[in-house]
Amino acid sequence: MESIRELCSFEGRLPGTDAERRAANWLAKRLRDGGRRVEVEPTYVHPKFGLTHAAHCAMGFAGSLAAIAQPAVGFAICLAAALSMYLDLNARFYLVRRLFFRRASQNVVSPGNRPEAPARILLCAHYDAARTGAFFRPRTIARFTRLARLSPVPFGPFRPLFWSLAILLPILGARMAGVDSAAISLLQLPPTLILLVAAFMLTDVELSDAVPGANDNASGVATALSLAAALDADQPQNLDVWVVLTGAEECLMEGMRAFVRGSGKKLERETTYFLSLDSVGRGNVRYVTSEGLAVSIAMDRRLVELCDAIATADREDQGRFAAQPLAWGFAGDGLPIRLAKFPVTTITTLEPGALVPANYHRPEDVPERIDPAALDRVHGFTLELVRALDRDVGRRLG
């Protein structure tokens, strides 16, 4: 709790800000005081993700209108918007985002002290904070949650936007082929309106204030620090324990994207495992089996199996973790890690029936709203997971 309060004292630690830099330096000092080696790795990020995707939505809206008179022009605009949005949401390549300014950010990387170990585990958490906005009001989130329950697939805030663009493409393709009927116009209307509303809501996010970020994600940072201290005191036999605290996650994982494309290239994919801790300050334990902002990406099968085994054993015992698998339409630092072909899963917490973590991107996300019992549950579950992975690596080594 003290770590959470200290990190939240860096008010306005948005991606690429001076507050984020000061928070990174404080975390680096905290790790050094604990006897660990630390490197603060600088990177450049594009923090205006809201304007980026507002531009995608505006392009789609403009393309849909242009297609009424010039189908080929409208189709080309929507295709460019859909391609740029898909690549951006998966942190693969930036097109429209490059039109907006860059800012300096940094990742705090603490390598383990056992480089000779046969495998390594990286405990990851982001320390930056998000902006609030009209979309994150409790009433809006409640409506969105009810809508998500009707969906047969994981549902997240960006999926309606991307798939609205995708749905427009065959409709505008039909217009290019000469099909111009009332039915085509009727089919074209809903995705066009969705994109128009989304453009305004994303712009609203960029104009809103920063949140304290106690649950998202000072709680994950504090838990990572606590786990590192516990594992340093009682070291795993087969794992070298790293700590990676990333900046710029709230502009769609740019900090972790920079890490896996930089320092991550030196790590062996077969013997390097990642655990991402995100929003673990209220609710019961959830381990992510798949995530993604546009499409679902499966997490590492072996790590999920180990989580399943721990959750099953816990249910047969006292059920203190209340852990369950989670497939969701959101994404955190686990997404760029998985797309880089590393084994990873994300540990988070959700209250019963909730779609998003408690006080998600709200001004109420303050340290006083953190549940210490939830932190204990995540700490215990993740510690058991690391121990189980250590035994698993040992068995495979014979």
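In this chain, numbering begins with 1 at the start of the sequence shown.
A 4.5 Å side-chain heavy-atom check between Arg97 and Glu254 finds at least one atom pair inside the cut-off. Contact annotation: the side chain of Arg320 never approaches that of Arg377 to less than 4.5 Å [non-hydrogen atoms, C-beta and beyond]. When side chains are defined from C-beta on, Phe259 counts as touching Val244, because their heavy atoms get closer than 4.5 Å. Inter-residue side-chain proximity for Val285 and Asp314 is flagged as unmet; no heavy-atom pair is nearer than 4.5 Å. Under the 4.5 Å side-chain criterion, counting only non-hydrogen atoms from C-beta, Phe381 is in contact with Cys307. Side-chain contact between Cys78 and Leu172 is present, with at least one heavy-atom pair separated by less than 4.5 Å. The closest side-chain heavy-atom distance from Val243 to Leu245 is below 4.5 Å. Side-chain contact between Arg114 and Gln235 is present, with at least one heavy-atom pair separated by less than 4.5 Å.
In Glu351, the CD atom is crowded: over 12 heavy atoms of neighbouring residues, nucleotides or ligands sit closer than 6.0 Å. More than 12 heavy atoms of other residues, nucleotides or ligands lie within 6.0 Å of CZ in Arg22, so this atom counts as buried by the packing criterion. The environment of CH2 in Trp26 is crowded: more than 12 heavy-atom neighbours from other residues, nucleotides or ligands sit within 6.0 Å. Shown here is Arg396, whose CZ atom has more than 12 heavy atoms of other residues, nucleotides or ligands within 6.0 Å. In this structure, Glu305 places its CD atom where more than 12 heavy-atom neighbours from other residues, nucleotides or ligands lie under 6.0 Å away.
Between His53 and Phe158, the ring centre distance stays below 6.0 Å.
If you take CZ on Arg159 and OG on Ser164, they are separated by 13.5 Å, rounding to the nearest 0.5 Å. Note: Ile121 CD1 to Leu231 CG = 9.0 Å, rounded to the nearest 0.5 Å. Atom OG1 of residue Thr271 and atom CZ of residue Arg120 lie 4.5 Å apart, to the nearest 0.5 angstrom. In this structure, CZ on Arg5 lies 10.0 Å from OG on Ser3, to the nearest 0.5 angstrom.
When each of Leu335, Leu123, Thr346, Ile347 is tested with Ser276 by the rule side-chain contact (heavy atoms from CB on, under 4.5 Å), just one qualifies, namely Thr346. In summary, of the residues considered (Asp88, Leu161, Leu252, Asn90), a side-chain contact (heavy atoms from CB on, under 4.5 Å) with Leu293 occurs for Leu252 alone. Tested against Met59 for a side-chain contact (heavy atoms from CB on, under 4.5 Å), the candidates Leu165, Leu79, Ile77 yield a single pass: Ile77.
Residues Gln188 and Ser64 bring a donor and an acceptor atom of their side chains to less than 3.5 Å of each other. With 3.5 Å as the limit, one finds no donor-acceptor pair spanning the side chains of Asn107 and Thr246. Looking at Ser226 and His379, their side chains do bring a donor and an acceptor atom within 3.5 Å of each other.
Annotation for Ala125 and Asn217: closest pair CB-ND2, 3.6 Å, computed over non-hydrogen atoms. Minimum heavy-atom separation, Leu306 to Leu389: CD1-CA, 3.9 Å. Nearest heavy atoms, Ala66 versus Gly74: CB-CA, 4.2 Å.
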Please determine whether side chain to side chain contact (heavy atoms under 4.5 Å, CB included) holds for the pair Asn284 and Arg286, giving the CA-CA distance in whole Å, both sets of side-chain angles, and the decisive distance to 0.1 Å. CA-CA 7 Å; Asn284 295 323; Arg286 299 289 183 266; 3.5 Å; yes
Go through it in stages, so that I can follow the logic: the residues are Leu339 and Val260, the test is side chain to side chain contact (heavy atoms under 4.5 Å, CB included), and I'd like the CA-CA distance, side-chain angles, deciding distance and then a yes or no. CA-CA 10 Å; Leu339 291 173; Val260 296; over 6 Å; no
Glu20 vs Ser105, test: side-chain hydrogen bond (donor to acceptor under 3.5 Å, both in side chains). Steps then yes/no. CA-CA 8 Å; Glu20 186 199 47; Ser105 183; 2.9 Å; yes
Check against side chain to side chain contact (heavy atoms under 4.5 Å, CB included), Val378 and Phe321: CA-CA 7 Å; Val378 172; Phe321 300 141; over 6 Å; no
Give the C-alpha distance, both sets of side-chain angles, the deciding distance and a yes or no for side chain to side chain contact (heavy atoms under 4.5 Å, CB included) between Ser219 and Leu375. CA-CA 7 Å; Ser219 64; Leu375 299 175; 3.9 Å; yes
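In the hydrophobic clustering of ILVMFWY residues, with side-chain heavy atoms under 4.5 Å counting as a link, Leu89 and Phe100 come out apart. Residues Leu275 and Val221 do not share a hydrophobic cluster, clusters being chains of Ile/Leu/Val/Met/Phe/Trp/Tyr side chains in contact below 4.5 Å. The same ILVMFWY cluster, assembled from side-chain heavy atoms under 4.5 Å apart, contains both Met256 and Met299.
A cation-pi geometry, defined here as NZ or CZ lying under 6.0 Å from the six-membered ring centre and within 45° of its normal, holds between Arg98 and Phe93. In this structure, Arg139 forms no cation-pi arrangement with Phe144, as its terminal cationic atom is not both closer than 6.0 Å to the ring centre and no more than 45° off the ring axis.
Distance alone, capped at 3.5 Å, places no donor-acceptor pair between the Arg36 side chain and the Ala229 backbone. The closest donor-acceptor contact from the side chain of Thr348 to the backbone of Ser279 lies under 3.5 Å.
With respect to the salt-bridge test (charged N to carboxylate O, under 4.0 angstrom), the residues Lys48 and Glu206 qualify.
Phe342 pairs by the ring-ring contact (aromatic ring centres under 6.0 Å, His included) definition with Phe274, not counting sequence neighbours.
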